[in-house]
Amino acid sequence: MATKYVYTFGDGKAEGEAKMRELLGGKGANLAEMSRIGVPVPAGFTITTEVCTYYYDHKQTYPQGMKQEVERALKHVEKVMGAKFGDAKNPLLLSVRSGARDSMPGMMDTVLNLGLNDVTVQALAAASGNDRFAWDSYRRFVQMYGDVVLGLKPTSKTEIDPFEKILDEVKEKAGVELDNELGVEDLQKLVKLFKAEIKKQTKSIFPEDPWQQLWGSIGAVFGSWNNQRAIIYRRLNKIPDEWGTAVNVQAMVFGNMGDDCATGVAFTRDPATGTNLFYGEYLRNAQGEDVVAGIRTPKPIAELKKEMPKLYKELNDIRLRLEKHYRDMQDVEFTIQRNKLWMLQTRNGKRTGFAACTIAVDMVKEKLIDEKTAIKRVDPNALNQLLAPIFDTKKKAAAVKGGALLAKGLPAGPGAATGRIVFHADDAEAMAKKGDPVILVRIETSPEDIKGMKAAQGILTAKGGMTSHAALVARQMGRVCVAGCGALDIDYKKGTMKVGGKTFKEGDFISLDGSAGEVLADKIDVSPSEVKVALFGKGAAATKAKRSRTYQAFAKLMAWADKFRKLEVWTNADQPNQAADAVVYGAHGIGLCRTEHMFFGGDRIVAVREMILADDLAGREKALAKLLPYQRKDFIGILKAMGARPVTIRLLDPPLHEFLPHTPAEIAEVAKAMGVSPKVIKAKTAALHEFNPMLGHRGCRLGVTYPEIYRMQVRAIVEAAVQVKTVNKINVHPEIMIPLVGHVKELDMLRKEAEQIIAEVLGKKKMKLDIMIGTMIELPRAALTAGDIAKVADFFSFGTNDLTQTTFGLSRDDAGSFLPEYVAKGLLPEDPFVAIDQNGVGRLMQLAATEGRATNAKLQVGICGEHGGEPSSVKFCHKIGLNYVSCSPPRVPIARLAAAQAALE
Ligand code: ADP
Ligand code: MG
Ligand code: MG
């Protein structure tokens, strides 16, 4: 059978369905599904994503037979809608809409009111009995067609849109301020002027022929798959370029025919907090785009209940039906044409981390979904938002009292943000690159601004509602956002923002409270979030926070995650308080305790320097003897904090030069301690210079050349363990980890030395204690010879930072200057230091785990690189059967959730 390229929908039937989103795109598949379940949808058809692929592979042409299918489908639409395309009396008008597999809101193009020309406009006027409406629709169509299909756009960020320029001139001549105050004659004039401008600038003529309009628009919408902002959006959201978009051609319905008409967008629950309340906005007598574009500030959906009660009820019924059907929060578009409700779109709504948790947990309670589905619904990284700081209540109250509150807008993206004002997206990017926190301030945002929005801490707009572009994107990105703050007077040219009687310039600091919708002057200090207070707070504040909806949802979700996950989650911590925090976050153990961090505190560094610079063994041992009590004390603290949980302590790893004195004062200090002249110290320091320290004298190589260092560290560990066990009666589990092993003989030798010390200390105390000794796998040679190494190791821990550096042969500290370009140019899907490179580094890991376990069935395998807290890497670790992942304390909840998702996928 020949491939089917076009699928119709409407009139309670459809050729497609929800599960065909790969072929029909999200919008097309859901329009079909809504039709099927009896939700009123204007009839139309979807041209598949396969046609898009063909279009790009075949020099922008269409597959054979597709045109006939479009003609047939259009006949279907004509029949259902009772109107004829291009007819002089009863013309069918169309919209041509993009729609990829995953929604890319506003990134691609749409053409509305298609089919209008000098003849059909008369018919529309007669049929609607509203000349003004007909001509306004026509001028909008010419404008959209000129922009989207014929490419008449502003040439720079400061130049105003050529159509808007003409519109402003006509408005000025007519002496009116708003578009909707223009009369029929003005609108007719606009149509003429627009067409003339198109002809002048693009050398193309606006086509009167509806079929020519239709094919032009279909091509342009396919073409918009590769416009700049769509490409950037795909990069940011990891959507493959190969997917392509579908094109939806649909009968127009009008929300702008009069006061019995309206258009709106709504969420079936609050997308910022997750509260189960119908949430949305609408405008009376307006066309779709007007609501999202932020040009007129819309009314909250609750008003519709008063203004059009019957239609509100119908809409609310559809809301409940859609949620039941899709079993997820929906984001819908609707239009009311002459008291008749039409649904134009539904999709799973984007939401904040707060809303994601609350909705998932609520829906389990409502029996819409089960616990497993709830777990899969929440992006692990979204938990960051729940832990992110909020403004300190007292500091904020004081600031407000001092007059810092400048204005109120809409609380579109919750959280606290402080940063420097920037008015343009690319400036936001540039400033963020320099490390400055940024607040992007715009009259309204458009899809072009996404990169700047991503770079900013917060987003502030003067126009637009809770469902405006700015609000939508901010929530999705987890950015703080205050939208529709009408009190702002923004002047892009001057680079100023006037508000509350004050003038702010680019670079000035402001603060946004995205939960309250407040704009505040200056910086305001932040304090821990509700979830953090619930976890770590004390007394009444903690009790109150524990009762909050957000914490309740968070705790439930975490409990479910723990029920399903197979991977254990450990943490990287080297201070007792960090370790204690990690336990509260749910860590089962410490996967990496870096001993070198302990070398810097107080006067320890002097002793460390003495050790490094000593001439001989005796000198080193003298200095090490000074360090021993410090190390022992540190280990006692950590072991106590972790109780019976495993604590993996890594012996000294970094190149010694990191500890060397640099400033004259430091040099003098060490010289004095060692009783030599600063000159001697300087010479020794120079002698220790290495060309490539990261591949130099570090890791277990230090243990080989200076065995006394590791001996001291092992002794400190064992003595600490003995003390905590006897004094605190804690059944401690220290594990000794030897870094940077590349050859089994290194580990074999160092293990024997460590065992000797362990036996010696325990023998003296007549005690028994199981202390595992293992190694990091962070060199390709270690991974490749894992079978041998495992014979003398109780555990492996993948040090994926070094393993990535050494596998790629690239230095992480220097990669910043070229790696981003690799990602931008699509050579790498992602920075391999952020997410494990599964095909390369990951293969080495898999090989090492498998071959290690083959020679040592009891081998414990984990990961302690920074990847241990990154969701896709956690999932990979689950897949290759690791026992645990270890990450920084605040990432522990994220890893727990990711591990559960991995187990359920
Ligand atoms: P996006 O994906 O950017 O939201 P849409 O295809 O949903 O683009 O269309 C943009 C706007 O046009 C929406 O506000 C939508 O409601 C409106 N629109 C699209 N098709 C129709 C139609 N057939 N009748 C009336 N309005 C429409
Ligand atoms: Mg839409
Ligand atoms: Mg390392």
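First listed ligand is number 1; within each ligand, the first listed atom is number 1. Along the sequence shown, residues carry numbers from 1.
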(request) Using only heavy-atom distances, determine whether the side chains of Arg284 and Asn256 contain a donor-acceptor pair under 3.5 Å. (result) no
(request) Flag Thr335 as yes when one of its N or O atoms lies below 3.5 Å from any N or O atom of ligand 1, and as no otherwise. (result) no
(message) More than 12 heavy atoms of other residues, nucleotides or ligands under 6.0 Å from NZ of Lys195: yes or no?
(response) yes
(request) Indicate, as side chain, backbone, both or neither, the part of Leu112 found under 4.0 angstrom from ligand 1 when only non-hydrogen atoms are considered. (result) side chain
(message) Once you restrict to heavy atoms under 4.0 Å, what part of Met107 touches ligand 1? Side chain, backbone, both or neither.
(response) neither
(request) Mark up the atoms of ligand 1 that fall under 4.0 Å of a heavy atom belonging to Gly106, in ascending order. (result) 3 (O)
(request) List the steps and the verdict of side-chain contact (heavy atoms from CB on, under 4.5 Å) for Leu167 and Leu190. (result) CA-CA 7 Å; Leu167 191 60; Leu190 275 175; 3.3 Å; yes
(message) Applying the side chain to side chain donor-acceptor pair (under 3.5 Å) criterion to Asn113, which one of Arg140, Gln287, Gln143 satisfies it?
(response) Gln287
(request) Using a strict 4.0 Å threshold on nitrogen-to-oxygen distance, state whether Glu15 and Lys4 make a salt bridge. (result) yes
(message) With heavy-atom distances below 4.5 Å as the criterion, would you say the side chains of Tyr279 and Pro300 are in contact?
(response) no
(message) Below 3.5 Å, N or O to N or O, backbone or side chain included: is there any such pair between Arg347 and ligand 1?
(response) no
(message) Distance to the ring centre below 6.0 angstrom and angle to the axis at most 45 degrees; does that hold for Arg234 and Trp225?
(response) yes
(request) Using 2.8 Å as the cut-off, note every protein N, O or S atom close to the Mg ion (ligand 2). (result) Glu333 OE2, Gln345 OE1
(request) For Phe163 and Ile198, run side-chain contact (heavy atoms from CB on, under 4.5 Å): C-alpha distance rounded to whole Å, both residues' side-chain angles, the deciding distance at 0.1 Å, then the answer. (result) CA-CA 9 Å; Phe163 294 111; Ile198 290 172; 3.9 Å; yes
(request) Check if Pro42 has a non-hydrogen atom at a distance under 4.0 Å from any atom of ligand 1. (result) no
(request) Identify which one of Asp379, Thr273, Asp270, Asp328 satisfies the side chain to side chain donor-acceptor pair (under 3.5 Å) criterion when paired with Arg351. (result) Asp328
(request) Step by step, work out the side-chain contact (heavy atoms from CB on, under 4.5 Å) result for Leu283 and Lys299. (result) CA-CA 6 Å; Leu283 280 170; Lys299 300 180 188 173; 5.8 Å; no
(message) Pairs of nitrogen or oxygen atoms closer than 3.5 Å, one from Met108 and one from ligand 1: do any exist?
(response) no
(request) Would you sort out whether Thr120 and Tyr138 count as a side-chain contact (heavy atoms from CB on, under 4.5 Å), showing the intermediate values? (result) CA-CA 9 Å; Thr120 54; Tyr138 191 18; over 6 Å; no
(request) Check whether any N or O atom of Val253, backbone or side chain, sits under 3.5 Å from an N or O atom of ligand 1, and answer yes or no. (result) yes
(request) For ligand 1, indicate whether the residue Lys27 contacts it via side chain, backbone, both or neither (heavy-atom separation under 4.0 Å). (result) side chain
(request) May I ask you to list the atoms of ligand 1 that are less than 4.0 angstrom from any heavy atom of Ala251? (result) 22 (C), 23 (N)
(message) At under 4.0 Å between heavy atoms, is it the side chain or the backbone of Ser103 that contacts ligand 1, or both, or neither?
(response) neither
(message) If you apply the rule salt bridge (Lys or Arg N to Asp or Glu O under 4.0 Å), what do you find for Asp331 with Lys350, and how did you get there?
(response) CA-CA 8 Å; Asp331 165 358; Lys350 306 265 194 237; over 6 Å; no
(request) Check each heavy atom of Glu333 against ligand 1 and say whether those closer than 4.0 Å belong to the side chain, the backbone, both or neither. (result) side chain
(message) Would Gln345 count as a polar contact of ligand 1, with the cut-off being nitrogen or oxygen pairs under 3.5 Å?
(response) yes
